[in-house]
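Computed over heavy atoms, backbone and side chain alike; hydrogens, waters and symmetry mates excluded. The sequence lines fix the lettering, A, B, ..., with proteins before strands; numbering per chain opens at 1.
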Protein chains: 2
Amino acid sequence: MATLTGVQKGYILHWGEMGTRWGINRTVAQIHALLYLSPRALPAEEIAETLSVARSNVSTSIRELEGWGIVRAVHVLGDRREHYESMKDVWEMFRLVIEQRKRREIDPTREMLRRSLEELDPKEAGAEFTRERLAAMAGFFDAVTELHDQMKRLPTGTVRKLLRMGTKVRKK
Amino acid sequence: MATLTGVQKGYILHWGEMGTRWGINRTVAQIHALLYLSPRALPAEEIAETLSVARSNVSTSIRELEGWGIVRAVHVLGDRREHYESMKDVWEMFRLVIEQRKRREIDPTREMLRRSLEELDPKEAGAEFTRERLAAMAGFFDAVTELHDQMKRLPTGTVRKLLRMGTKVRKK
DNA sequence: CGTTTCTTTCAGTTCAAACAGAATCTACAG
DNA sequence: CTGTAGATTCTGTTTGAACTGAAAGAAACG
């Protein structure tokens, strides 16, 4: 079992807290942090020991991380166990997570708003007001989606480059 | 007590679920949804009845929403009670929330990363690897911060307009 | 002032998500 | 085929956030 340095512990704990604030399970986030900092792929058993959580808990959490596509199992010669490693590219990691959270949360919300606007009964009292509010919210989510789609079309690394250059648009 | 239409109920429930997925209390999100859809400011008592939650729960939740700056108390002539209303501008609402979540979550994470990089003991085994990982993560958070700062400098509505026009950058 | 009306705080209580450990399942070696 | 190592699933149990109701605290009124 790898013993952790103070810095590593700090990072793992912070990442775990950060996860909970964004609706991601603490253990899931901690495991990701551990793998991210690990120079080699780790077997589930070792992860469980290092973080002091149940082996079964690691199993479930790893599954979640594999679901996001940011952790994968690799095999080590002469070892039957699965070893897990985190993706290295930070930008790609966040891109994956954002893309999927959009699909799981933003898209259904747009769908709900669209359906609500359809179902609105104009004869109902205050329908006009409700429509306006729903439309405003829907407009926002449409814009977010458009922004997301446009970024997806950019070649890898472009956002990074654009940021490094700084945008030219400034307050008039 | 205002009786809710089916569409309104659907919106409020959905918004509540959405909240929980992003680390925001379900009741807080539901109250916001209710106020957002309400054509008039509502007293706490009425909110509690409409959503079937304790009066005290409403009090705490409203406080949270006031903290974000997206709900405020208004007074109605001839009524001693506070009436609460939601901000109408969806863009401004999200801007406020994003700005504050950045301050509460992104900034401390950057700080943690900065401190970790300082504290790293180069004599420690694997320090070089850890440094590289921390630096990559820090770079990402720096970029996010820069993006955020640049957007803040844009005049209100510009992002909206840019999106409406569509960016000119395309895959080569 | 004392009373009334509304709001906030506080001290338990409830409940759902997270978790541990046992049981089950799977794959492979012998 | 059998035994063993490892992974997964399942069934309670734990825990902390969310919540309630009671009590305390403000503010407005006569």
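To the nearest angstrom, C1' of dA7(D) lies 14 Å from CD1 of I31(A). As a whole-Å value, the separation of I47(A) CD1 from dT8(D) P is 11 Å. Per the geometry, CZ belonging to R55(B) stands 12 Å off P belonging to dT20(D), to the nearest Å. Taking atom CG of residue D79(B) and atom P of nucleotide dC29(D), one finds them 11 Å apart after rounding to whole Å. Counting to the nearest Å, the C1' atom of dA7(D) and the CD atom of E66(A) are 11 Å from each other. We find that CG of N57(A) is positioned 20 Å from P of dG6(D), with the value rounded to whole Å. What separates CZ of R26(B) from P of dT20(D) is a distance of 12 Å, to the nearest Å.
Toward the 5′ end of DNA chain C lies the nearest nucleotide of R80(B), the other residue of the pair R80(B) and Y84(B) mapping further downstream. Remark on DNA chain C: of its neighbouring residues G23(A) and S56(A), the 5'-side contact belongs to G23(A), judged by nearest-heavy-atom nucleotide.
Classified by interplanar angle (parallel below 30°, tilted 30° to 60°, perpendicular above 60°), the ring pair F141(A)/W15(B) is perpendicular.
Checking the phosphate oxygens (OP1, OP2) of dC19(D), a side-chain nitrogen or oxygen of N25(B) falls inside 4.0 Å. Using a 4.0 Å cut-off, no side-chain N or O of T60(A) falls inside it from OP1 or OP2 of dT9(D).
We find that E45(A) and R81(A) are not joined by a salt bridge, their nearest charged nitrogen and carboxylate oxygen being 4.0 Å or further apart. Electrostatic pairing of R63(B) and E66(B) does not count as a salt bridge here, judged by no charged N lying under 4.0 Å from a carboxylate O. Of the charged side-chain nitrogens involved, none lies within less than 4.0 Å of a carboxylate oxygen, so that R115(A) and E118(A) do not count as a salt-bridged pair.
Among the atoms of the strands shown, only primed sugar atoms or phosphate atoms (P, OP1, OP2) are found under 4.0 Å from some heavy atom of R63(B). Residue R81(B) is classed as a sugar-phosphate contact, given heavy-atom separations below 4.0 Å to backbone atoms only. Among the heavy atoms of the strands lying under 4.0 Å from E82(A) are primed sugar atoms or P, OP1, OP2 only; no base atom is included.
On the nucleic acid side, DNA chain C has its first and last nucleotide under 4.0 Å of a heavy atom of chain B at dT4(C) to dT9(C), going 5' to 3'.
Using modelled atom types, one side-chain atom of Q100(B) and one backbone atom of W68(B) make a donor-acceptor pair closer than 3.5 Å.
Taking hydrophobic clusters as Ile, Leu, Val, Met, Phe, Trp and Tyr residues chained together by side-chain heavy-atom distances below 4.5 Å, L13(A) does not share a cluster with V28(A).
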Taking distance alone, no hydrogens or angles, what donor-acceptor pairs closer than 3.5 Å link side-chain atoms of residues 127-134 of chain B to residues at least two apart or in another chain?
from: T130(B); atom 1: OG1; to: G126(B); atom 2: O; distance (Å): 3.2
from: R133(B); atom 1: NH1; to: Y36(A); atom 2: O; distance (Å): 2.1

